[in-house]
Each structure stands twice: as structure tokens, then as C-alpha cells.
Amino acid sequence: MAKVNSIKFGILSPQMIKKMAAVKIEKAELYDPDGYPINGGLCDLRLGVVDPGLRCRVCGATAGNCLGHFGYLELTKPVIHPIFGKQIFQLLKVTCRKCGRMLATEDEIKDMKNPWKEIYKKPKKKCPHCDAEQKKITFQKPTTYREDKEELTAEQVRERLERIANEDLKLLGIKGGRPEWLVLTLLPIPPVTVRPSITLETGERSEDDLTHKLVDIIRINERLKKNIELGAPDFIINDIWELLQYHVSTLMNNEISTLPPARHRSGRALKTLAQRLTKKEGRFRGNLSGKRVNFSARTVISPDPAISIDEIGIPLIIAKNLTIPVRVNKNNLKQLKQRVLNGSETYPGANYVIRPDNVKKKITEENKEQIAEEIAIGYTVERHLQDGDIVIFNRQPSLHRMSMMAHRVRVMNYKTFRLNLCTTIPYNADFDGDEMNVHVPQTEEAQIEARMLMSVQNHIRSPRYGLPVIACKHDHITGSYMLTKKETRISKKDAAALLLRIGMEDHAGKEYTGKELFSLLLPKGLNIEFRAASCMGCKKCLKSACPYDSYVVIKNGVLKHGVIDENALGEKKGKLLNRIERQFGADTVKEFLNKASLLALEFITKQGFTVSVTDVKIKSSVEKRIEKMLEEAEKDVGKLVSDYKRGRLKKLPGMGARESLEALLQKKAGDVTNRVGKVLKESLSETSAVIMAKTGARGSFVNLSQTCALVGQEFVGGERIFRGFTGRTLSHFKPGDLGLKSHGFVFHGYKRGLDPYEFFFDAMNSRENLMDKSLQTRHSGYMERRLINALQDLRVEEDMTVRDSRGTIVQFTAGEDGIDPAKSDGGAINFDLLES
Amino acid sequence: MTEEKTINVSESGFVPKHELLSYEQAQELLKKLNISLKQLPKIKKTDAAIKELNAKRGSIIKITRNSQTAGVYYYYRVVV
Ligand SMILES: [Mg+2]
Ligand SMILES: [Zn+2]
Ligand SMILES: [Zn+2]
Ligand SMILES: [Zn+2]
């Protein structure tokens, strides 16, 4: 393989174009009537071969080995290179129209920092070298130049550029070629290998967009030549010349804003040279930054609470397609022979064998016995994926490092990837049709690296907030709460069944309390106290004597007091998970999480957990109280408004009367909603919906009170609602009404139902939220891209400095404090733990 | 002509403390980090925050910042 020493960018000279060409293209037709490529046509065999079986006439190589060869087209009249339109304009402006020298004396240039720019900004009226009068040149994108309204032809432009002296070019900082090469006289014709034609099933040939474009160019070029030979009038020649310019311009870039894009017969815009490189699917972002890869699979995901968080269920059909290369040695020879014998159809089998001389052979039903016989030490067998193999699991958008983690394979029936529910949080996955990807590391080195650095249990604590990101959710939390509630008792029989389900033996063989059962999962030596999520925030916390059982006390691995809920097991909270990881390590917390989540699910499944509308039923006495509070609020608002109208409203600091009224009304609306919420929180009995809200499993008290009491103030653009008719929001209200009702305060809850106008306000608010959300995700996606590009090669060195790839320091201590949040306690160091 | 008004930004309270390192201190820092001057972050000689220091090109400025995570954090910049 040849080694690339350097790459030089520049402009091709006509001589170079001719030199690198293998053939002069003269004909617009591609094939003769027999379907054979025409000599001198765009599919000339000297341009390289694409059809298998044929040999290249230039280098003799077969298809795939011949990279292809350029041709060239002699343009009847020169055309401007559309991509350099601006540079040509600048050159025309800074040089004399007659002698081609720069429009400044040598002394003047010596004093200039940037001669090009400075001359361009203030062009001289007269040439200092030949005294020629200079005319005003204008440029119209992409390729039109006018001198005092007179259009310059490409020929004239080229002549002028030719006159520019080489010394002047140096002063202008132009390297890599002569400026007149920017006006094309020869057009390089790319080899057929970059514009291969496809043969359709019908036997018809379908040509590449580039070929279509080149055909157009050759046709027009021919027509121009004929018209000149026939002595056609100038205007006709100029028209055709302009058309030639258009075709060459769109060959380079078919998305020039001032030109209509060249279209395919079907009406689709052609994908020409620039379009191959730019945008998401272009060469850079589509093929170089991001590639399609082998040894990967993609399918729909579904949940499996019974597998470990660091496992992944792989469908059998995928396991038979993904392979791992295994080198044959004397210990595995027999086993691998059997794999080969099983072939690619039978699981566990193998798909390929690689001989020591690196020749790869596919294992088929016909040759499997023979290959099994043949393999010996030094061969490599690409065997099917099997239980325990390590794979990398990924869900897009991959926004943080937990979006790609290493899992252990478990081959399963059916056709979906299975994952433990605790890992849905870092992947941000759900099961409404989400698909995920799997990659199989191929070398031992890669497998070990993935296992050590990317394993799920090593990513339980998030580097963003230093607390668990792989944690319990929804029913896990509800289940743990129900299990660890004070009054929970589990019969001997049920306990045995539950413990068996999570792979533990029932040692005591007795009736358990929920707390006792949960304690079986906790490691010995664990001591921790914290408040549960269901803590009511009493004025004085009674700690372990909490009347709500909301203060968790664990002594030597025994849950003495308190319920286990979101604060113990949840994402971003997870005090219990966090402590177990810190004290006992990743593998212990993995086991704990597996067992605790499964136990909770099994328990809640056995016990049953139903949510219904009656969960948020409120007593009529409470209903009356709420009604009264709202009436009072309306009265207060009425007073504020009438005060304002009589000019007696006390203004708030820094605000006018109207502003003050708004602020006061908003506060009033918020206050009454909050007060109602508080009353509700105290009066609701412990129903399923309430349990979910208070344990943090799902929903909040705000949701509940919006359902059963009132929705409260709706906002659009951070203000109460004012848009609509002049002086009023809807025709239901009197003009000038400033009260709550007419500006988006919703007095009803979702359960009872909203008034039509309340519903309308709610829809306004919802619409704004929906738009905001979708715009937000778009913006944060783009910001992510920019951040990754900016930060991708920064790293923390041994001395804790953050440096880029050149060794330049960016931070003198990583994160300023040198703490890795993924190994911290919520971003800080817990010194109490260090002492012991 | 209007009279040129200058403001000493270090008195504003919004600019962290900038001070000039002595030659010895500078050498010590470079040795500790095992780097050349080129690998340090840069600050323009004309930067308003170091106008009063009359720092020469190539000298090092020590910046004492308040840090959310670490309390106090020292940053160093070479004058260019
Ligand atoms: Mg989804
Ligand atoms: Zn060839
Ligand atoms: Zn001149
Ligand atoms: Zn309490």
C-alpha cells in the first residue's frame, strides 16, 4: 500500500488536467446501439471499469482494483469556476484593467498589513503603473461580472487574470496556482468509478446524477461549437455560452441560491459534486465522522425484570448472525470443531473459518464436515454469539456516556432485545416501539476493555450529578414502599415464594414483616439514616420516632425504621444505592439493585395495585372548604381590581400601577392554588394515586390537585392570558374585565371538567408548552454536537490538569476541584465515610 | 476632543484578582506543570484586567477566582 506523505491543495492547471486524463471526451452518447460503451463517450472504457469481468484498458486491472482514470473535455469557450466567483471578483478589482498590475505603488504596499483587503476596500481610479482609467466593476452571484454595466465575458476575465504578474500574486498571498486557472478552459471528467451506473432488474441501465450532468455539458458544448462554426449571430452564441456556464456551475454545486437547480426528468434536483460532500448525509458527516459498521444489530426493545442490569437478552436469530472470532488452540479445538460441525444454521454454531494464511471461508451445510476436519491450531473460527459474551448496547441520541454500556449476552427466544428496567433511565428508553443497537467487540483486547470500562455496574453513579442514574422507577418504588410499610406482614408461604423468585433461600422459614424481608437484601455492616421521600416535613423531625414512618434507619444491614421509597432507590436521589456502592462496591450494588427491584415488582404483583378515579375523591367537607377559599380569593381579587380602577392601588417597588396589579393578581392566583393543594394533601386518604405521588413513583401532588380540585392559573408567555379580542380574551367576558376568570384562571379540576373557556385557556397553555418542548430538544441536540466537537480531545492528565491534544492546558485542576463526580457523593466528598 | 476616561476594572469587584508572577515563581510553575510557555492559556497584553500591571510579553499572570466547586481556584495565563 502506498503511503501518503502530504496533501497539497490548489487549483488544477489546464496542463495538469490534460496530463492526468486518460482520454479526451468528445461524444455525448454513452453506449452504441449494441449497448457497448462508445469510444470518447462518458463511459469510455479508458475511464475505468465498474462491470465485473471487464478489464481496464489503461491499467489492466479488474473492477474494484482499478480506481478509475480521469478524462477531459475541451470547452468551446471558457467558463468561470462558480466556487471561486468571489475571489475572481476581488482579483479584478485590485488589479489594473489594462496592465494587470496591482492598483497601488510598491511603497504603498510595503506599508499595508493586508494589501489585498486594503486595496479592495478603496480601489484607485487610476492605475499608478500605466495611468489607465479604471472602471467600476460589479459582481452578480455566482459568475457574472460587469464593468460600467457592460458584461465581461469569461474570455475577457481570463485575459485580465493572465496579465497579473507572479510577483503581485505573492504580495496578495496567492499560492497554489495561476489565477487564470480559475476560468476553466478544460473540464476534468471524473472516472466512471465515482459515478457508477446501475443495471436495473429490467436490464435497463440507470446512470448516476453526475453522468447526467456531464452529458448536458457535452451536448451544450457541441452545440456552441457548431453555432460558432456556422457563424451564428452573437446573441445566439452568447445565449448558448451562458447555458454552458449554467451547466458547469450546477455540476460543481446544484444549490447555488441564485441559480435554479438542475433537475432530473422526474423533477428531483440532481445531486452534484458539492451535494456529495455537504449536509448530514454528505461525505464528511455521513461517511467519515459516522460510518455503517459490521458486527452490529438493531431491533425493538422490551423489558425483562428478571435479568440482571448488566445483562441483555439477544434474540436467537441475531445471535446466529453476530460472530466472535476465536483462535483455535489445543484447549478449545474440540469444542470449536463441534461448532463448525453445527454449521451456521444450528445454534450454537459458526459462520466462517479463517485459515492461518488469512483466507476466509464461509461454512455451509455442504462443506461443514470437511472444514471441521480441516481446522487445527492457528485457525480462527467465527462462532455464534453465546451467553456471557460482552456486547455494547446503545440507544440514540447518545447524549452521555451511559448511552453506550457493555452488557453480558443472554440468548433468548423471540425477536426483541430484552433489558432490565433499571437501565431504561440512562438510555432514556421506553417500550412504545423504541429500537436499540448492539455492537460486538471483536478482539480480546476490545472485549476486556469494554468489560472493565463500560460495564453497566460501573456507571450506576452519574458523572453529571454524582448520584445513581441506574436506579428504581415507577412500580419498583411503589412496591418497595408497600413492602416496607409498617403494617406489612408476609406469610411463611408467601415469603418463601418471593425469596425463591429473587434467588434467595428462605432461611428463617417464618412469617416476616416487610422490613425484615427487605433487610435480607442489605449487606451486613451497612449503617445509614436519612429521610424518606414521603417525609411530611414536620416542624421538628422526630427521627426514628416519626409518626409517618418516614425516617429511615438502617443498622448493620437491618432496616429498623422508615419506608424505602424514591429517596432510597430512585434516580438522582438513591441514598441507599449510593451508600451501598460507596461502601461495598459496584458488584454488590448491582446484586442489590437486581434483587430489590425484582422483589418489589413481585410483591406488588402479588398484592395488586390499582389506580382509579375514586383515588382522588375528596370529602364534601373539603370540597366546601376549597370552594370557600376560591370565593375568598375572588373577593380579594375584586378588591384589588377596584382599588386599581379607582387609582388607590399601592404600587410595588419599581413598578407602575398596572404592573403592580398584575404581579399581585399572579401572586394571589398562585397562593390560593398552593393553599388548596396543601389542604388537599392533608385530607387525601392513602389511595394508590396518592401513594405514587408521595413516594415519588409517579405523578405529584400538583397533578392530583389539578385533577380533583382546580387547575389554577394558565400562562402564555409567562403572563396571564391577554390575547384575543380588544379588551377581552373571549366574548364571554365584559371588555376591560381584569378578574381571574377572564384571564386564564381555571377554577375546576380535570376530573369534574373545565368550562368551555377554561378548556380554551388550558389548550393555549398546552400548545405553548408543546412547542417549547420540541424547540428545546432541537436546540439542545445542536448544542450537544457543537460541544462534542469542541471538547472531544480534551483529557485529564496524570497531574490532574486538563489538556488538549497539543498539551495546552485548559484547566489546571480538572473541574477546578479535582473531583470526579462519578466517584463522588452528589458532587462532593463525604468525609464521614472516609474516617471509618 | 473628548477627554479619554479610563476605568480601573479591578476595582469593579466583578473581575477576579490578577497578579504578576515573579521570574522565580514563573519558572517554578512551568517546572511543576512540566510545560513550556506556549502550553499556557493566553491573555492579551492590552487586556483591561492587567493594564495596571504593566506586564511584559511572556510573563505569567496569576488569576485568583472564586469557584463553585473548589472555593478558590488559581488560573495562570501567559501575556501575549
Ligand atoms: Mg419511546
Ligand atoms: Zn484502470
Ligand atoms: Zn495599469
Ligand atoms: Zn418526619
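Letters A, B, ... are given to chains in the order of the sequence lines, protein chains preceding strands, and every chain is numbered from 1.
- Residue B:V9 comes nearest to B:A49 through the heavy atom pair CG2-CA, 3.7 Å, listed as atom of the first residue, atom of the second, then distance.
- Of the atoms belonging to A:Q811, heavy atoms from both backbone and side chain fall under 4.5 Å from chain B.
- Considering all non-hydrogen atoms of both residues, B:E19 and B:K17 come closest at OE2-CE, 3.6 Å.
- For the set A:T813, A:D804, A:T801, the count of heavy-atom pairs under 4.5 angstrom toward chain B peaks at A:T813.
- With respect to A:E571 and A:K473, no salt bridge is recorded, no charged nitrogen being found less than 4.0 Å from a carboxylate O.
- Stacking of A:R778 on the aromatic ring of A:Y782 is not recorded, the 6.0 Å distance cut-off and the 45° axial limit not both being met.
- With a 4.5 angstrom heavy-atom cutoff, B:Y73 touches chain A only via side-chain atoms.
- No other option in B:L33, B:I35, B:N34, B:L40 has as many heavy-atom pairs under 4.5 Å with chain A as B:L33.
- Classification of A:R803 and A:E797 as a salt-bridged pair fails, no side-chain N sitting under 4.0 Å from a carboxylate O.
- Looking at B:Y74, the atoms closer than 4.5 Å to chain A (heavy atoms on both sides) all sit in the backbone: N, CA, C or O.
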